[in-house]
Amino acid sequence: MKYNERKMPDENGFFGEYGGQIIPPELASIMNEIKDAYLEISQTDAFKNELNDLYKHYVGRPSPIFFAKRLTAKQGGAKIFLKREDLNHTGAHKINHCLGEALLAKHMGKTKVLAETGAGQHGVALATACALVDIKCEIHMGEIDIEKEHPNVTKMKILGCDIVSVSRGTKTLKDAVDSAFEEYVKDPVNYLYAIGSVVGPHPFPMMVRDFQTIVGTEARQQFLDAQGKLPDVITACIGGGSNAIGLFTAFLDDDSVRIVGVEPAGKGLDTEEHAATMTKGKKGGLHGYKCYNLEDDDGNPLPVYSIASGLDYPGVGPQHCLLKDLGRVEYTSVDDDACVDAFMTLSRTEGIIPALESAHAVAYAMQEAKNMSADESILVNLSGRGDKDADFIADKLNL
Ligand SMILES: *Cc1c(COP(=O)(O)O)cnc(C)c1O
């Protein structure tokens, strides 16, 4: 079966039974306009050249692949390699799709880009892209998150974006989504809602994926050039699933490559404090699309938890759901303790402080390497750097 020949998604935005548009018809017609504009604009040389030029000279692409020699020696077994998305401008993979979305908004003649943010990572990446392409940016953020994530709030202010403090309901991400969405539907002709992962209604899971596939396209070629063969296992952490699908896409047709997505098991899969959507979720609608999600018996999203706030999401991208059902990608989970251990171990063996999100994938690689032989290799997508998590860890471990 050739995955990259299969239309993912189909014309209606479905990845198998997942995805689609579970939204009112007026909104669906707006989403379809975005889709048509995207399909047209993204194929023009002007757009492609502009985006590739920014990837190279602004983001600093291609990001290198690094052989983690000391980590490998410590674990024993397969060689562990890191795709260094943490070295991108702004320190994570999110800039790849935020630049794409901001450029698209500009080319479509939109006047404002809107989004919600939880921990502020998506907000900062989007505010950065909007400052660069000169388009107004408005970020909705819960009052509690604004207090908690002070450095990111300050950065967004410096970058010139308007921050809307959301004081209703939980005063966190969930209500920020509603607030940003209400603003968006006031003038969807002139505004673009920039979703922060491969989630939401069609065309977002497709668009955000397309902007992220640069990660895997680069990685596959870099690995072949340096090692003369493909890695045996590739792995990435899964929140909504954008950095993972970005790495995975180029490898889907390489039958010899095992592909593993790593979800947060939080305080344990047998507790209620995790966000292991694939492992424990059921099929249903969420935020305008169908996916596996963690919901209560009435179909309301459960309050999920992860030590890494970027993985703290009750749903997951629809393409991942299909790849799970097809058996092409394995989905597993790693708990908070293993994540913190990987965070410290990578920092002290390689001098690389990873984002807590990325540390989930590192933890999986550390476990799996031991089951593999020394002539095999694992490639980990190091989705971001851990500066944002340093104080939290230092407190937690009394450093
Ligand atoms: C936001 C974030 C994630 C989670 O998002 P995905 O869409 O699942 O990739 C992972 N790593 C980092 C560093 C992030 O900032």
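FYI, side chains are in, hydrogens and waters are out, and symmetry mates aren't considered; it's all heavy atoms of this structure. Just so you know, ligand 1 is whichever comes first in the structure, and atom 1 is the first atom listed for that ligand.
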Original post:
Atoms of ligand 1 less than 4.0 Å from G239 heavy atoms?
Top reply: 8 (O)

Original post:
With Y313, which of H274, H287, H122 fulfils ring-ring contact (aromatic ring centres under 6.0 Å, His included)?
Top reply: H287

Original post:
At what distance is the nearest protein heavy atom to atom 4 (C) of ligand 1, and which residue and atom is it?
Top reply: G310 O, 3.3 Å

Subject >> Least distance between heavy atoms, A276 atom then L294 atom >> reply: N-CD1, 4.0 Å

Original post:
Hey, is the main chain of I245 close enough, under 3.5 Å, to the side chain of Q212 for a donor-acceptor pair?
Top reply: no

Subject >> Distance from atom 11 (N) of ligand 1 to nearest protein heavy atom, with residue and atom >> reply: S383 OG, 2.7 Å

Original post:
Which atoms of ligand 1 have any heavy atom of G241 under 4.0 Å away?
Top reply: 6 (P), 7 (O), 8 (O)

Original post:
At under 4.0 Å between heavy atoms, which part of A355 makes contact with ligand 1: side chain, backbone, both or neither?
Top reply: side chain

Subject >> Sub-3.5 Å N/O-N/O distance, A92 and ligand 1 >> reply: no

Subject >> Backbone N/O of G310 and side chain of E357: donor-acceptor pair under 3.5 Å >> reply: yes

Subject >> Polar contact flag for N243 and ligand 1 (N/O pairs, less than 3.5 Å) >> reply: yes

**OP:** Specify whether F47 and H107 have parallel, tilted or perpendicular ring planes, treating 30° as the upper limit for parallel and 60° as the lower limit for perpendicular.
**Re:** perpendicular

**OP:** Compute the shortest N/O to N/O distance between H93 and ligand 1 and return yes if it is under 3.5 Å, no if not.
**Re:** yes

**OP:** Mark up the atoms of ligand 1 that fall under 4.0 Å of a heavy atom belonging to C237, in ascending order.
**Re:** 10 (C)

Subject >> Side-chain donor-acceptor pair present, Q21, H202, cut-off under 3.5 Å >> reply: no

Original post:
Mind checking whether K388 has an N or O less than 3.5 Å away from an N or O of ligand 1?
Top reply: no

**OP:** Identify whether NZ of Lys or CZ of Arg in K186 sits under 6.0 Å from the centre of the six-membered ring of Y191 and within 45° of that ring's axis.
**Re:** no

**OP:** Report, in ascending order of atom number, the atoms of ligand 1 lying under 4.0 Å from any heavy atom of S242.
**Re:** 6 (P), 7 (O), 8 (O), 9 (O)

**OP:** Could you tell me whether the side chain of D389 and the main chain of L356 form a donor-acceptor pair under 3.5 Å?
**Re:** yes

Original post:
Can you list the atoms of ligand 1 that are under 4.0 Å from a heavy atom of K94?
Top reply: 1 (C), 2 (C), 3 (C), 14 (C), 15 (O)

Original post:
Is atom CZ of R348 surrounded by more than 12 heavy atoms (other residues, nucleotides or ligands) closer than 6.0 Å?
Top reply: no

Original post:
What atoms in ligand 1 come closer than 4.0 Å to a heavy atom of G384?
Top reply: 13 (C)

